[in-house]
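Read through the structure below, which is laid out as structure tokens, and then see the notes.
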There are 2 protein chains.
Amino acid sequence: MTTINDIAKLAEVSRSTVSRYLNSNGYVSEEAKKRIMKVIEETGYMPSQSAKSLRTKKTGVIGVILPKISTETASRVVSGINKVLQQNDYQMLLTTTSQEHKKEIEFIRLLQSRNVDGILLLATNTEKPLIDAIGNATVPIVALGQDIPTISSVIYPDYLATGEMIEYMIQKGYQHIGFIGVEEYDPAVGIERKRAFVDTLTKHQLKVNKDWIMQGDFSIESGYNSMKSIINSGSDRPDAVFAVTDQIAVGAMQFLKEQQIQIPNDIAIAATGASRLAQYIEPSLTVIDFLNEEAGAIAAELLIEELTGTKAIKKIIHDYRLLVRNSV
Amino acid sequence: MTTINDIAKLAEVSRSTVSRYLNSNGYVSEEAKKRIMKVIEETGYMPSQSAKSLRTKKTGVIGVILPKISTETASRVVSGINKVLQQNDYQMLLTTTSQEHKKEIEFIRLLQSRNVDGILLLATNTEKPLIDAIGNATVPIVALGQDIPTISSVIYPDYLATGEMIEYMIQKGYQHIGFIGVEEYDPAVGIERKRAFVDTLTKHQLKVNKDWIMQGDFSIESGYNSMKSIINSGSDRPDAVFAVTDQIAVGAMQFLKEQQIQIPNDIAIAATGASRLAQYIEPSLTVIDFLNEEAGAIAAELLIEELTGTKAIKKIIHDYRLLVRNSV
DNA sequence: CTGAAAGCGCTTACAG
DNA sequence: CTGAAAGCGCTTACAG
């Protein structure tokens, strides 16, 4: 392998000079420059990043921790992150927890031992062990999807957007609205969205029927089963159901279709998540779009800011929009 | 930051001993072991990977090059890769070319300067510059999705599977079959699938109608536009169309639905790609499933094999299955 | 069973 | 404008 020493020898300069040339700092005479350029060209030399980072303590690598890669939401976020990182000459080290919480902590440590310059955490909880691990970290961490008090976070407006969607459903005339959520260790998805649901119904003096409130787990199957439970619960049927993710909604719709229950005439469905599946399913799904790709990009920008100086903790409530389609 | 020197001092041994302990090679007395363990525990020490790789020339990082992260096919492949890599204590450095070919070459170089131990390439072409870049690489590269002659490759059975699907369509009674493909710089998707289409029709003495053969670009829109062109081509309508990806098929179906053309009664649709979208769209799409996650896992295993000895070039024709649903 | 020494490929003051 | 020297945090023969 060609090293900086080889280049120095071939170009008849010292390796300090080559280094200066490579990093464009300090003076290098035009002549030296030319010789170095030529030699680098000929040899195809590329500096060793390992050696460089050992000296500079910078790797140009950002660690990304996410629960699961193979959901459309996740892949959009990653796409946004990647775009910004690439523009700023950072590389992305991707780790996935397969939805196991403790792994978030493990990866925070692991990524640091890999000397990443910063970490982007798509958090699914805000429990103490995680907060502690973040506190002990020596590199900047930016959270996406949860508000983690101690660090900069890009937060989805879960409460606000869900509230608006429920308002929309009520305006459309639905009075008996059900809800399929997820476990509450996840504050953003599990608690906030449910709270908005309950608050909005209450505000309109509509009944919150426990038989119509289910807890799934992000999967299509759990949406299917939750809807089944709602329909078979013994109480009257709701005339509309809100699902906290589009995956859950797709499962719920599947069950309704099997039962020949018309959407939206018999039961309307709305959800969070602007996947292509939600768009092309029939009827097309009315959803909250959290503009995930953009959110990923913003989180990446926030992290890069912290890397280049700013130490302030920023909280960004991300934008959203309602995509009104045919399921409500 | 705690380094191996700090640990050595605190545990009252030399750093060689600490290193031996960390890598479990060479002898370390029980007593020394205990002291070292304790100190590491207390300090939360993690060895610097940069320093380690500078010495050992191994980083434990695998570079992955893919055209686009936000397609379901890609994210499944990545998921499979990630699983195997994680099991083997490798990390994944992810780069995306945004479908720009030259970037594949750029990234092969870039990843090497990052001292990755190996590269997994989801190739979209097999042109000379790429082959050359691969030839010049100093680390093992495994290709997925294209047969790259000089290196181990996991290849989708494009010709075989497409042929079987066309056979299936013919058996179902369709005689006027159209085709929506992609550009031919991509041998696997652009050439092989088309060749299978033409050969199978020819074998059954069916006419290959040029007006029914379109070229899209992997996007839903291009599927939409291609189907539009087929319908408006002036010649008779086909009674079935095969699309080389499910995305393209979804666009094509969209157009047919807008025109009130019944699927599959008026025109049947089949495609390659087992996305959830293909599954839940109506009618559900009959597709070839290339088991992408498994393919990713196999490619990763192949690469790890090469990393640990075996230098033989292996070609693996991956498995596939037909998912017969309601669109044909 | 253990430690001293050399070296991996860089960068960075410093002296000239 | 340029080079010699030190050092980043590890591992690895080698000698004991």
Side-chain angles (χ1 to χ4, degrees), chain A residues 1-37 39-40 43-61 89 109-117 138-139, chain B residues 1-37 39-40 43-61 89 109-117 138-139:
Chain A
M1 218 189 56
T2 16
T3 73
I4 198 172
N5 273 313
D6 303 327
I7 304 300
K9 251 176 241 157
L10 289 170
E12 298 179 308
V13 292
S14 74
R15 60 177 192 266
S16 323
T17 305
V18 178
S19 176
R20 265 183 238 112
Y21 167 81
L22 288 170
N23 299 293
S24 342
N25 58 13
Y27 293 100
V28 181
S29 67
E30 278 308 316
E31 298 199 354
K33 242 179 222 174
K34 263 181 214 152
R35 290 205 304 277
I36 296 172
M37 260 172 65
V39 174
I40 289 180
T43 52
Y45 165 72
M46 299 218 73
S48 154
Q49 285 295 329
S50 302
K52 194 165 177 167
S53 17
L54 178 56
R55 265 305 307 237
T56 61
K57 306 292 167 207
K58 302 260 167 267
T59 53
V61 174
D89 289 323
R109 283 175 54 82
L110 178 76
L111 287 170
Q112 288 185 85
S113 90
R114 293 224 167 265
N115 303 307
V116 297
D117 291 345
T138 55
V139 299
Chain B
M1 220 190 54
T2 16
T3 72
I4 197 172
N5 274 311
D6 304 328
I7 304 301
K9 251 175 242 159
L10 289 169
E12 298 179 308
V13 292
S14 74
R15 60 178 191 267
S16 323
T17 306
V18 178
S19 175
R20 264 182 238 114
Y21 167 81
L22 289 170
N23 299 293
S24 343
N25 59 11
Y27 293 101
V28 181
S29 66
E30 277 309 315
E31 298 198 354
K33 241 179 223 175
K34 263 181 212 150
R35 289 204 307 277
I36 295 172
M37 259 172 65
V39 174
I40 288 180
T43 53
Y45 165 73
M46 300 219 71
S48 153
Q49 286 294 329
S50 303
K52 194 164 178 168
S53 16
L54 178 55
R55 265 304 310 233
T56 61
K57 305 291 164 204
K58 302 261 166 266
T59 53
V61 174
D89 289 322
R109 283 176 54 83
L110 178 76
L111 287 170
Q112 288 185 84
S113 90
R114 293 224 165 265
N115 302 307
V116 297
D117 292 346
T138 54
V139 300

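Worth knowing before you read on, the calculation uses all heavy atoms, side chains too, and leaves out hydrogens, waters and symmetry mates. In what follows, chains carry the letters A, B, and so on, assigned in the order in which the sequence lines appear, proteins first and then strands, with residues in each chain numbered from 1.
Contact detail for R20(A) and Y27(A): the closest heavy-atom pair is CD-O, 3.8 Å.
In the displayed structure, K57(A) atom NZ is contacted under 6.0 Å by more than 12 heavy atoms of other residues, nucleotides or ligands.
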- Message: Run the side chain to side chain donor-acceptor pair (under 3.5 Å) test on S53(A) and N115(A) for me, step by step, so that the C-alpha distance in whole Å, both residues' side-chain angles and the decisive distance to 0.1 Å come before the verdict.
- Response: CA-CA 8 Å; S53(A) 17; N115(A) 303 307; over 6 Å; no

- Query: Does the pair E31(A) and K34(A) meet the rule for a salt bridge (charged side-chain N to carboxylate O under 4.0 Å, His left out), with working shown?
  - Reply: CA-CA 5 Å; E31(A) 298 199 354; K34(A) 263 181 214 152; over 6 Å; no

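From E12(B), atom CD reaches atom OG1 of T17(B) across 12.5 Å, with rounding to the nearest 0.5 Å. The CG atom of N5(B) sits 10.5 Å away from atom CG of L10(B), with the distance rounded to the nearest 0.5 Å.
Within the 4.0 angstrom heavy-atom criterion, no nucleotide atom of any strand lies near Y21(A). Among the protein residues, S16(B) comes within range of the nucleic acid bases, having at least one heavy atom under 4.0 Å from a base atom.
Contacts between chain B and DNA chain D, taken as any atom within less than 4.0 angstrom of a protein heavy atom, begin and end at dG9(D) to dT12(D).
Of all nucleotides present, only dG3(C) satisfies the Watson-Crick or G-U wobble test against dC14(D), with each distance under 3.5 Å.
Sequence order on DNA chain C of the closest nucleotides to A51(B) and A32(B) puts A32(B) first from the 5' end. If you find the closest nucleotide of DNA chain C to R20(A) and to T3(A), the one lying nearer the 5' end belongs to T3(A). If you find the closest nucleotide of DNA chain D to V28(A) and to K52(B), the one lying nearer the 5' end belongs to V28(A).
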